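Shown next, in structure tokens, is the structure this report addresses.
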Amino acid sequence: METTEDSGNKSLDFIRQIIADDLQTGKHQKSITRFPPEPNGFLHIGHAKSICLNFGVAEENGGICNLRFDDTNPSKEDVAYVRAIQEDVKWLGFSWGDQVLYASDYFPKLYEYAVELIKRGKAYVCQLSPDEMREYRGTLTEPGKESPYRNRSIEENLDLFEQMKAGQLAEGTHVLRAKIDMASPNVNMRDPVIYRILKAHHHRTGDTWKIYPMYDYTHCLSDMLEGITHSLCTLEFQDHRPLYDWVLDTLETPCHPRQIEFARLNLTYTVMSKRKLLKMVEGKYVDGWDDPRMLTISGLRRRGYTPASIRNFCKTIGIGKSESRIDMGVLENEIRDDLNVRAERRMCVLDPVKVVIDNYPEGLVEEMIGQNHPQNPEMGERTIPFTRELYIEREDFMENPSRKYHRLGPDREVRLRYGYLVRYVSHVKDEATGEITEIHCSYDPDTKGGSAPDGRKVKGTIHWVSAEKGLPVTVRLYDRLFSVEDPEADKDIDFLDQLNPQSKVVVSCAIAEPSLAKLQPGETVQFERQGYFCADPVESTAGNPVFNRTVTLRDSWESKK
RNA sequence: UGGGGGAUGGUCUAAUGGUAAGGCAGCGGACUCUGACUCCGCUUAUCAAGGUUCGAGCCCUUGUCCCCCAGCCA
């Protein structure tokens with residue numbers, strides 16, 4: 001077996017080096033890896049890291065990466081998850097070998113290996129209760145005690161194991177244990193359970209099996225059976241590596257995959273464990289696994305994140321062995337980068353205030369021309385109807401603007417993007433509320449399209465939508481799901497108490513340029529000055545699209561204020 | 001107080017005995033029909049103390065702090 005010790009923390013290079021060495025020495029012809037999710041929940045951004053790593057290194061070395069479901073605990077698993085996981089991996093842009101693999105496909109072989117273990121005197125059936133077993137296991141500082149059932153004869157073990165398999169014994173009464181060392185300083189080696197009785201319906205094998213193998217026993221053998229060369233997993237399995245190796249060594253298997261560990265992903269302002277995500281879904285704290293606020297792959301997809309942005313994110317954070325918490329801003333930067341080049345621009349007013357162009361003819365509709373992308377003429381252009389009454393963003397007008405404010409205000413001239421230069425005339429205010437209800441402007445007919453023939457410049461360009469031709473839309477603005485950087489930092493506070501009440505804001509009076517009516521669900525556009533918005537692929541009302549905000553634009557005005 | 005890991009700016013990653021580099025964040029500036037994008041500039045780091053060496057983030061010694069492990073979960 002491999003005895004090489006890890007050194008240093010540069011896991012990716014470490015992994016690459018090991019693989020390169022193994023290939024060069026002829027130990028392996030190509031590298032075969034696997035991505036082994038348990039189908040007990042949806043995949044999240046943390047899995048994406050593992051997916052990119054496993055599929056990535058296989059690709060780099062002309063090998064393949066298997067998709068294998070680690071479905072050894074039927075009580076937690078479901079076919080719905082199996083389906084969703086496959087979709088998510090595909091969507092991320094990866095493909096596995098000829099077929100999807102399942103640990104449950106190996107149940108017969110795994111059983112044979114267990115019998116072999118018993119025959120070699122390396123496993124025994126134990127009747128200690130769970131409580132007793134915990135007692136016998138010892139503690140972190142004290143060695144365990146040997147089970148009174150440890151030295152049964154091979155024949156008796158074989159017979160009992162057969163009875164377990166046949167369903168003749170009750171759940172919790174008997175388990176099969178590896179006979180290793182109850183005094184091992186590594187508690188994982190203190191005669192770990194390798195099979196338990198579970199009379200649950202399995203989503204693939206039905207009621208065939210009454211006993212199910214444990215992870216530690218299953219994983220190494222599954223890897224071996226598939227000819228996996230490098231088995232990449234997260235840090236918490238480091239203590240399990242001796243057991244992984246013990247099973248393969250004891251069984252003298254024809255090949256022996258090498259387990260290498262790396263740190264799992266943590267992000268600020270979110271939680272990552274499936275257990276917690278499940279709690280949020282079941283407790284209806286979110287609308288489902290694909291709620292756009294969730295950092296699940298399907299949530300991110302619905303939110304408008306692209307596969308490329310997630311792959312780039314995984315590349316940029318790297319692989320290491322030290323626990324870290326990546327700033328959410330890194331992920332957000334990746335999606336901005338990607339969407340900036342591919343999303344078409346549109347105008348949409350989220351918080352409208354009416355503007356009347358006093359000197360613009362009533363009833364006239366002019367079709368203005370807007371570039372779909374300011375840096376890429378190949379993306380074409382669209383027309384935008386301009387009318388006497390328009391809406392602009394409420395925050396684009398200020399009664400008493402500071403010198404640094406470049407938008408509309410008393411005595412100011414600004415450009416309506418792709419429209420006209422307009423000058424402030426007056427504004428109307430609701431006496432009772434103090435709210436501005438209407439702004440009157442005059443336009444310069446010589447500035448159609450937005451540029452002045454006399455070459456005069458204006459500092460501000462604002463976006464607008466025709467009041468009469470505009471398309472009402474629903475937009476959902478998302479803030480971070482949690483209000484604190486590390487929702488799990490304080491162990492006395494439940495992470496659910498850290499949920500951010502502002503995490504979802506629905507804007508129903510938004511109005512957008514009419515060209516948005518043609519947008520397909522799932523497509524993303526940039527609402528100029530507002531951010532990137534994805535037409536919700538799940539929810540959409542005919543003629544009144546629902547948009548999820550993917551991410552905001554950076555706004556230096558915000559920081560200058 | 002057992003075992004296994006880890007520690008480089010605010011954050012993440014690189015530098016394998018030879019000028020501590022890059023991304024994100026931050027700050028300043030240029031440009032701009034998006035206060036976006038783009039471009040330019042700047043601030044900030046080797047856990048500590050010893051040792052080896054011409055030279056140490058890297059090697060050695062001793063500490064400190066952090067994470068994981070006592071499921072019939074994975």
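Both backbone and side-chain heavy atoms feed into the values below; hydrogens, waters and symmetry mates do not. Proteins come first, then strands; the chains are lettered A, B, ... in the order of their sequence lines, and each starts at number 1. Note that this is a predicted model, so its numbers are computed, not measured.
- Distance noted for atom P between rC54(B) and rC12(B): 37 Å (whole Å).
- When the side-chain nitrogen and oxygen atoms of Arg336(A) are compared with OP1 and OP2 of rA36(B), none of them lie within a distance under 4.0 Å.
- Rounded to whole Å, the distance from CD1 on Ile260(A) to P on rG4(B) is 19 Å.
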Step by step, work out the ring pair (Phe, Tyr, Trp, His ring centres under 6.0 Å) result for Tyr124(A) and Tyr149(A). CA-CA 8 Å; Tyr124(A) 63 97; Tyr149(A) 307 99; 8.5 Å; no

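- Base pairing of rU64(B): its partner is rA7(B), meeting the Watson-Crick or G-U wobble criterion (both donor-acceptor distances under 3.5 Å).
- Across all strands, His463(A) comes closer than 4.0 Å to no nucleic acid atom at all (heavy-atom distances).
- Straight-line distance between the C1' atoms of rA30(B) and rA14(B): roughly 31 Å, to the nearest whole Å.
- OP1 and OP2 of rC24(B) both lie 4.0 Å or more from every side-chain N or O belonging to Thr316(A).
- A distance of about 8 Å separates the C1' atoms of rG26(B) and rG10(B), rounded to the whole Å.
- The C1' atoms of rG23(B) and rU61(B) are separated by 36 Å, rounded to the nearest whole Å.
- In this structure, CG of Asn376(A) is placed 16 Å from C1' of rA36(B), rounded to the nearest angstrom.
- OP1 or OP2 of rC37(B) has at least one side-chain nitrogen or oxygen of Arg554(A) nearer than 4.0 Å.
- Within 4.0 Å of Thr268(A), counting heavy atoms only, lies no atom of the nucleic acid at all.
- Between Tyr81(A) and Trp289(A), the ring-plane angle classifies as perpendicular under the 30° and 60° cut-offs.
- The aromatic ring of His219(A) does not sit over the base of rA74(B), since the test of centres under 5.5 Å and planes under 30° is not met.
- Because its NZ or CZ atom is both nearer than 6.0 Å to the ring centre of Tyr102(A) and within 45° of the ring axis, Arg204(A) counts as a cation-pi partner of that residue.
- Taking only distance into account, the side chain of Asp555(A) never meets the base of rG35(B) through a donor-acceptor pair shorter than 3.5 Å.
- If you check every strand for non-hydrogen atoms under 4.0 Å, Pro37(A) touches nothing.
- Straight-line distance between the P atoms of rG57(B) and rG50(B): roughly 14 Å, to the nearest whole Å.
- Within 4.0 Å (heavy atoms only), Lys76(A) reaches at least one base atom of the nucleic acid.
- In this structure, rG2(B) and rC69(B) make a Watson-Crick or G-U wobble pair, each of the two defining distances being under 3.5 angstrom.
- Between Gln238(A) atom CD and rC66(B) atom P the separation is 19 Å, expressed in whole Å.
- Within the 4.0 Å cut-off from OP1 or OP2 of rC72(B), at least one side-chain nitrogen or oxygen of Arg137(A) is found.
- When the nucleotides rU34(B), rG2(B), rC72(B) are ranked by their closest atom to the side chain of Pro130(A), rC72(B) comes out on top.
- One cannot find a donor-acceptor pair under 3.5 Å joining the base of rU38(B) and the side-chain atoms of Gln375(A).
- Here the separation of rG5(B) from rC42(B), taken at their P atoms, is 42 Å to the nearest Å.
- When heavy atoms are screened at a 4.0 angstrom cut-off, Lys459(A) is found touching no nucleic acid atom at all.
- Among the heavy atoms of the strands lying under 4.0 Å from Arg415(A) is at least one base atom, whether or not backbone atoms are also near.
- As judged by a 4.0 angstrom heavy-atom cut-off over every strand, Tyr195(A) is placed among residues making no nucleic acid contact.
- Residue-to-nucleotide contacts include a donor-acceptor pair under 3.5 Å from the side chain of Arg407(A) to the base of rG35(B).
- Between Ile317(A) and Gly450(A), the residue anchored nearer the 5' end of RNA chain B, judged by the nucleotide with its closest heavy atom, is Ile317(A).
- Looking at heavy-atom distances under 4.0 Å, Thr139(A) makes contact with a base.
- With respect to Thr552(A), the side chain to side chain contact (heavy atoms under 4.5 Å, CB included) criterion is satisfied by exactly one of Arg336(A), Arg529(A), Glu558(A), Glu332(A): Arg336(A).
- At a threshold of 4.0 angstrom between heavy atoms, the contacts of Ser324(A) are confined to the sugar-phosphate backbone, with no base atom among them.
- For rG26(B), the paired nucleotide is rC42(B), the pair qualifying as Watson-Crick or G-U wobble because both relevant distances are below 3.5 Å.
- Figure legend: cation-pi geometry between Arg412(A) and Tyr424(A) absent, as NZ or CZ is not positioned both under 6.0 Å from the six-membered ring centre and within 45° of its axis.
- Atoms CD1 (Ile85(A)) and P (rA74(B)) sit 15 Å apart, rounded to a whole Å.
- Counting non-hydrogen atoms under 4.0 angstrom, Leu267(A) reaches nothing in the nucleic acid.
- Across the protein-nucleic acid pair, Glu38(A) atom CD and rA74(B) atom P stand 6 Å apart, rounded to whole Å.
- The nearest heavy atom of RNA chain B to Asn333(A) and to Leu140(A) marks one nucleotide each, and the one closer to the 5' end goes with Leu140(A).
- To the nearest whole angstrom, the two P atoms, one in rC40(B) and one in rA45(B), are 24 Å apart.
- For rG71(B), the O4'-C1' to base torsion is within 90° of 0; the nucleotide is therefore syn.
- On a pure distance criterion of 3.5 Å, no polar donor-acceptor pair joins the side chain of Glu135(A) and the base of rA70(B).
- The shortest distance between the side-chain N/O atoms of Arg275(A) and the OP1/OP2 oxygens of rC73(B) is not below 4.0 Å.
- Between Tyr212(A) and His202(A), the ring-plane angle classifies as parallel under the 30° and 60° cut-offs.
- Atom P of nucleotide rG71(B) and atom CE of Met189(A) are separated by 17 Å, given to the nearest angstrom.
- Annotation: side chain of Phe237(A) is in contact with side chain of Gln259(A) (closest heavy-atom distance under 4.5 Å).
- Heavy atoms of Tyr405(A) sit under 4.0 angstrom from at least one base atom.
- Distances shown here put a side-chain N or O of Arg196(A) below 4.0 Å from the OP1 or OP2 atom of rA74(B).
- Taking side-chain N and O atoms only, Thr218(A) has no distance below 4.0 Å to OP1 or OP2 of rA74(B).
- Note on Glu332(A): nothing from the nucleic acid sits closer than 4.0 angstrom, heavy atoms only.
- rC65(B) and rU1(B) are spaced 10 Å apart, taking the P atom of each and rounding to whole Å.
- Residues Lys165(A) and Tyr111(A) form a side-chain contact, since some pair of their non-hydrogen atoms from C-beta on lies under 4.5 Å apart.
- Here rG5(B) presents its P atom at 10 Å from CG of Asn186(A), a figure rounded to the nearest Å.
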In sequence, state the C-alpha distance, the side-chain angles, and the governing distance for Lys276(A) and Glu488(A), and then conclude on salt bridge (charged side-chain N to carboxylate O under 4.0 Å, His left out). CA-CA 11 Å; Lys276(A) 294 193 168 101; Glu488(A) 296 153 304; 2.8 Å; yes

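- The listed nucleotides are rG3(B), rG5(B), rU34(B); the one nearest the side chain of Leu553(A) is rU34(B).
- Protein atom CD of Glu323(A) is 11 Å distant from nucleotide atom P of rC69(B), rounded to whole Å.
- Note on Met214(A): only backbone sugar-phosphate atoms sit closer than 4.0 angstrom, heavy atoms only; bases stay farther off.
- Checking side-chain atoms of Arg264(A) against main-chain N and O of Lys49(A) turns up no donor-acceptor pair under 3.5 Å.
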